[in-house]
Every structure is written in C-alpha cells, then in structure tokens.
Number of protein chains: 2
Amino acid sequence: MAYQNSLAALADPTRRAVFERLADGPQPVGRLARGLPVSRPAVSQHLKVLKEAGLVRDRAEGTRRVYAIDPEGLGALRRYFDQFWDQALAAFAAEAEKDPQPQAGED
Amino acid sequence: MAYQNSLAALADPTRRAVFERLADGPQPVGRLARGLPVSRPAVSQHLKVLKEAGLVRDRAEGTRRVYAIDPEGLGALRRYFDQFWDQALAAFAAEAEKDPQPQAGED
DNA sequence: ACTTACCGTAAGCTATGGCTTATCAAAATT
DNA sequence: AATTTTGATAAGCCATAGCTTACGGTAAGT
C-alpha cells in the first residue's frame, strides 16, 4: 500500500542518488553527504522522506546514524511494476486479438 | 536510460491515475478525463509528460487521440528495480557475513 | 568538564509543477 | 458550409518542494 509515497520519494534526482548510494551498503549520513552536491541537512531531509516512504531504515551507532535500504519498500515497488506489467500485457494481447491488422476506422 | 523521467512522471497521483487507467487498454483523452477529477487540458498535459517519459504512445484516430501504454518505458522501469533489488540483496548478504551478531562499535 | 564530531529540526527563500480558463486547429456530423 | 466534437497549447495563479543557513542536542574524545 506504500508504493505511492515510494514513487514520489524516488522522483527527486538527489534523493534517488542518496537511495542508490545505499545500494552499496549501509552508510552514515555524513558519508552520504560528502559525495553529493548538497548540504548535510539536505541529505537528512531526503533520508527522512525515504524513511517515511518505507524505503530505508536507520539505526543509531554512537553519534552516527547508519541508514540502509529497507527491502520491504523496494519489494513493494517491484511488485507494483510486475503486476502492472502483467496487466498491460494482457490488455495488449486483448487489443491485438480484437484488431489483428489495424488499417483504418473502427470504433 | 529513461527511468529517471519515468519515475518523475509517475510521482504525481493524478498522472499515475491516468497511467493506471491505460493499463485496461488504449483510450482517447476524453474518456480518460471523464473519470478523473481534473479538466481535460490537465489530462492532456499529463499525457504529454508521460509520452516524453516514454511511458505512453499515442495515435490519431479521426479527431481523437488514442493513448496506450508504451511497454518500452514500463519495461525499463521494471528492469531498473530488478537490478536495484539484486544489488541491494548482495549488499545485504555482504553485510550479514561481515557482522553476524551486531552488538556495538565497529566502523 | 570542555571541546569536537555528527546529526536532526526550524525558518525562510526560490523555483517548479499542476490546475484552470481561454483560445486555436482539425476532423466529423448535419 | 456551418456546427459540433475532440484535443492540444498559452497564460496565469497558487501550492508545494528542495535548498540554504542557523540552531540545539547527544555522544565521543581529550
């Protein structure tokens, strides 16, 4: 039920970059920010959005906050597109059957 | 190479609704707009964005424009998340191996 | 105990995005 | 040929989103 927020979360390029960097493994905020063209607070804000979307988890480690990808959210997104793909494919097949050689004018 | 725009395109709820309706099969603009809480120009604008993102195709049919899902764009999106999923899973496995019972303090 | 490193939140600015109404174009209908 | 239907585009408005700087708070190091 969460793919809506997930999609919105991954729409922003910077936020997507943050997320993609986490695919290499868990990382603290500072390290994430160091490789990006935005400030650390900006990264924090992005991480908050990603977390609320169920795409990342975080855990405290001393004074650091280590963020990692949440397989839950990513999985939901994958399922969404898979299901979508199947549905679209079925519609395609139905269309092709109804109209084998589309030439002109049918309603 | 187009999943960036695709994600941005599907971030908006209304636009996503347009796209999801097309999963049932090709439809002209008017019919799409009739079931949505926005005006027809709004739907046209959304379709333009979806088209530029490679998510839909359109073809003229008399005075109507029939829009349909473009499997190309949808497939690219699916591949993106599949690849991402694999990468994240590998990172997870590596993490678990490096640190079987996480207790405290390692860098 | 004091300082330093790390991080989240608040406030404020600016740009962008989505919506509406109005207008124009083309094909179908009469 | 005049009207109607269908759709795209333009202009303009308003809300939201993302960024920055500034601040506060906690844990570690000295």
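In the text below, chain A, chain B and the rest are named by the order of the sequence lines, each starting its count at 1.
Taking the six-membered ring for Trp and the full ring otherwise, Phe19(B) and Phe84(A) have centroids separated by under 6.0 Å.
Side-chain N/O atoms of Tyr67(B) include one lying less than 4.0 angstrom from OP1 or OP2 on dA8(D). Proximity of Arg64(A) to the phosphate of dA5(C): no side-chain N or O atom is located under 4.0 Å from OP1 or OP2.
Considering every non-hydrogen atom in both Leu10(A) and Arg16(A), the closest pair reads O-NH1, 2.8 Å. The minimum heavy-atom distance linking Ala11(A) with Ala8(B) is given by the pair CB-CA, 3.9 Å. When all heavy atoms are compared, the tightest approach of Phe81(B) to Arg78(A) is O-CD, 3.7 Å. When all heavy atoms of Ala17(A) and Leu36(A) are compared, the closest pair comes out as CB-CD2, 4.0 Å.
When the nearest nucleotides of DNA chain C are assigned to Val43(A) and Thr63(B) by heavy-atom distance, the more 5′-ward of the two goes with Val43(A).
When rounded to the nearest whole Å, the span between NZ of Lys51(B) and P of dG7(D) equals 14 Å. Straight-line distance from the CG atom of Asp12(A) to the P atom of dT16(C): 13 Å, rounded to whole Å. In this structure, His46(B) places its NE2 atom 9 Å from P of dT20(C), rounding to the nearest Å. In this entry the distance linking NZ of Lys48(A) with P of dC19(D) reads 15 Å, nearest Å. To the nearest angstrom, P of dT20(C) lies 11 Å from CG of Leu36(B). Here the P atom of nucleotide dG17(C) and the CG atom of Leu10(B) are 15 Å apart, to the nearest Å. In this entry the distance linking CD of Glu52(A) with P of dT9(C) reads 9 Å, nearest Å. The interatomic distance linking Arg65(B) (CZ) with dA26(C) (P) rounds to 12 Å, in whole Å.
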Report all interatomic pairs (protein N or O, nucleotide N or O of nucleotides 20-22 of chain D) with separations under 3.5 Å.
| residue | atom | partner | partner atom | Å |
| --- | --- | --- | --- | --- |
| dT20(D) | OP2 | Ser39(A) | N | 2.8 |
| dT20(D) | OP2 | Ser39(A) | OG | 2.8 |
| dT20(D) | O4 | Gln45(A) | NE2 | 3.1 |

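For Ser44(B), counting side-chain heavy atoms from C-beta on, the closest listed nucleotide (dC19(D), dG8(C), dT9(D)) is dT9(D).
Here the options are Arg59(B), Lys51(B), Arg57(B), the test is salt bridge (Lys or Arg N to Asp or Glu O under 4.0 Å), and the partner is Asp70(B); only Arg57(B) passes.
Side-chain contact between Leu50(A) and Arg15(A) is present, with heavy atoms from C-beta onward closer than 4.5 Å.
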